[in-house]
Novice: 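Below is the structure I would like to discuss, written out as C-alpha cells.
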Amino acid sequence: MIIKIAHLYPDMLNLYGDRGNIIALTQRMNARGIDVQTDAITMGKSFNSDDYDILFIGGGQDFEQDVLLDDLKRGKDTEISKAIHGGKVMLAICGGYQMLGKYYKTYDGKKLEYMGALDFYTEGKEERMIGNYAFKTKEGIEVVGFENHSGRTYLGKGIEPLGRVIKGYGNNGEDKTEGIRFKNTFATYSHGPVLPKNPQFADLLISKAIENKYGKTELASLDDTLEAKARKQVMKLYIK
Ligand code: GLN
C-alpha cells in the first residue's frame with residue numbers, strides 16, 4: 001500500500017512545528033508497512049488533488065496568509081475544494097484552517113477573501129487566544145494541543161465542529177466549538193504539532209485515507225507508551 005500526501009505551502013505555513021504532523025503520519029504508516037510519499041506543494045507549483053490521498057496545510061501568521069492569497073486563487077483553491085467535497089482526507093491547522101472558509105478579517109481591518117470551500121468565516125481581534133487546550137471529538141478522542149490565534153471562527157448552519165472544548169478557547173472562545181469536521185476534512189486550531197501527541201487522532205486520519213483507497217482495513221496497533229505518558233503529563237499540568 002502507498003499513501004500520497006500533498007503538503008501545501010510547507011515553507012510558508014509551519015508554525016509551532018506543524019510539519020511534525022507529516023512526520024507522525026509517515027512514521028505511523030511506515031510502522032505498519034504502508035509506504036508514504038510526500039510532495040511539497042509550494043507557491044507557484046500547481047497540483048491535482050486526484051493524485052493524492054491526504055492533503056495537509058499548516059498554520060501561519062496573518063502576513064503569510066496574505067502573501068499566499070494570490071497563489072491560492074490560481075487553482076489550488078479549486079483543487080482543495082474538490083478534494084474536501086469529494087471526501088478526501090484533509091488536515092488543516094489554524095491559519096490553513098481559516099483559509100478554507102469564506103473570509104478572514106484581520107484585527108487591523110484587512111479583509112482576506114478566501115476559498116469558501118466550507119461555510120464559515122473568521123474575524124480577528126487584538127486580544128489573542130493563547131494556551132494549552134483540549135477538546136473532545138464525537139468518537140470520544142480527547143485531543144490535546146496548543147492554540148495561538150487572533151481569529152475567531154464562526155461556523156455556518158449545518159457545519160459540524162471537530163470537537164467540543166474541554167479547556168481553552170477553540171473556534172471563538174464563546175460557543176465551545178473547536179475546528180470543523182466535514183466528510184474526511186479535519187480542521188483545528190491545534191498546533192503542537194497535534195498528531196504526535198494524539199495518536200488516536202492520527203490513526204483516524206490514516207484509517208480514513210486507507211479506506212478511501214483500499215477499502216476498510218484494520219490498523220495494526222502500535223506501542224504508544226511514550227505518547228500516553230506525554231498526554232498524561234499535558235492533561236495533569238494544563239488541562240484537568
Ligand atoms: N493568523 C491567524 C490568527 O492569528 C492564524 C495563526 C496561526 O496559524 N497560529 O488567527
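Both counts, for ligands and for their atoms, begin at 1 and track the order of listing.
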Novice: Out of all atoms in ligand 1, which are within 4.0 Å of some heavy atom of His149? Include the element for each.
Specialist: 3 (C), 4 (O), 10 (O)

Novice: From atom 10 (O) of ligand 1, work out which of Gly96, Gly124, Gly151, Gly58 has a heavy atom at the shortest distance.
Specialist: Gly151

Novice: Going by the atom numbers of ligand 1, which of them fall below 4.0 Å from some non-hydrogen atom of Arg128?
Specialist: 4 (O)

Novice: So, are Lys111 and Glu113 salt-bridged, with charged N and O less than 4.0 Å apart?
Specialist: yes

Novice: So is Gln98 close enough to ligand 1, meaning a heavy atom under 4.0 angstrom away?
Specialist: yes

Novice: Would you mind running through ligand 1 and noting each atom that sits below 4.0 Å from a heavy atom of Gly95?
Specialist: 5 (C), 7 (C), 8 (O)

Novice: With backbone taken as N, CA, C and O and side chain as the heavy atoms from C-beta onward, which portion of Leu15 lies under 4.0 Å from ligand 1: side chain, backbone, both, or neither?
Specialist: side chain

Novice: Considering only the protein, which heavy-atom contact is closest to atom 1 (N) of ligand 1, and what is its distance?
Specialist: Asp62 OD1, 2.5 Å

Novice: Could an N or O of ligand 1 be found under 3.5 Å from any N or O of Cys94, whether backbone or side chain?
Specialist: no

Novice: Could you tell me whether ligand 1 has any atom less than 4.0 Å away from a heavy atom of Glu147?
Specialist: no

Novice: Do any nitrogen or oxygen atoms of Asn148 come within less than 3.5 Å of a nitrogen or oxygen of ligand 1?
Specialist: yes

Novice: Need the ligand 1 atom indices (1-based, order shown) with element for anything under 4.0 Å from a heavy-atom of Gln61.
Specialist: 1 (N)

Novice: List every atom of ligand 1 that sits less than 4.0 Å from any heavy atom of His191, numbering the atoms from 1 in the order shown and giving each element.
Specialist: 7 (C), 8 (O), 9 (N)

Novice: Can you check salt bridge (Lys or Arg N to Asp or Glu O under 4.0 Å) on Asp53 and Lys88, steps first, answer last?
Specialist: CA-CA 6 Å; Asp53 309 300; Lys88 209 144 264 208; 5.4 Å; no

Novice: Could you tell me whether Asp224 and Arg28 make a salt bridge, using a distance below 4.0 angstrom between a side-chain N and a carboxylate O?
Specialist: yes

Novice: Please examine the side chains of Val194 and Val143, heavy atoms only from C-beta on, and report whether any two atoms are closer than 4.5 Å.
Specialist: yes

Novice: For Tyr104, take its heavy atoms, then give the atoms of ligand 1 lying under 4.0 Å from any of them.
Specialist: 1 (N), 2 (C), 3 (C), 4 (O), 10 (O)

Novice: Charged N to carboxylate O below 4.0 Å: is that the case for Asp203 and Arg32?
Specialist: yes

Novice: Under 3.5 Å between some N or O of ligand 1 and some N or O of Tyr16?
Specialist: no

Novice: Cut-off 3.5 Å, side chains only: do Tyr154 and Glu174 have a donor facing an acceptor?
Specialist: yes

Novice: Salt bridge or not between Lys76 and Glu79? Use side-chain N to carboxylate O under 4.0 Å.
Specialist: no

Novice: For Tyr189, which part has a heavy atom under 4.0 Å from ligand 1: side chain, backbone, both, or neither?
Specialist: neither

Novice: Run down the list Ser190, Gly59, Gly60 and name the one with the heavy atom closest to atom 6 (C) of ligand 1.
Specialist: Gly60

Novice: Touching ligand 1 at all, Tyr97? Heavy atoms, strictly under 4.0 Å?
Specialist: no

Novice: Side-chain contact test, heavy atoms from C-beta onward, threshold under 4.5 Å: evaluate it for Asp51 versus Lys4 and give yes or no.
Specialist: no

Novice: Got a salt bridge between Lys157 and Asp119, using NZ or NE/NH1/NH2 to carboxylate O under 4.0 Å?
Specialist: no

Novice: Decide whether an N or O pair under 3.5 Å exists between Gln65 and ligand 1.
Specialist: yes

Novice: Ignoring hydrogens and angles, state whether a donor on the side chain of Asn172 or Asp175 is under 3.5 Å from an acceptor on the partner side chain.
Specialist: yes

Novice: Before we go on, tell me: are the rings of Phe146 and Tyr16 under 6.0 Å apart, centre to centre?
Specialist: yes

Novice: Numbering the atoms of ligand 1 from 1, which are under 4.0 Å from a heavy atom of Ser150?
Specialist: 3 (C), 4 (O), 10 (O)

Novice: Run through Phe186, Tyr114, Phe182, Phe120 and flag the one making a ring-ring contact (aromatic ring centres under 6.0 Å, His included) with Tyr97.
Specialist: Phe120

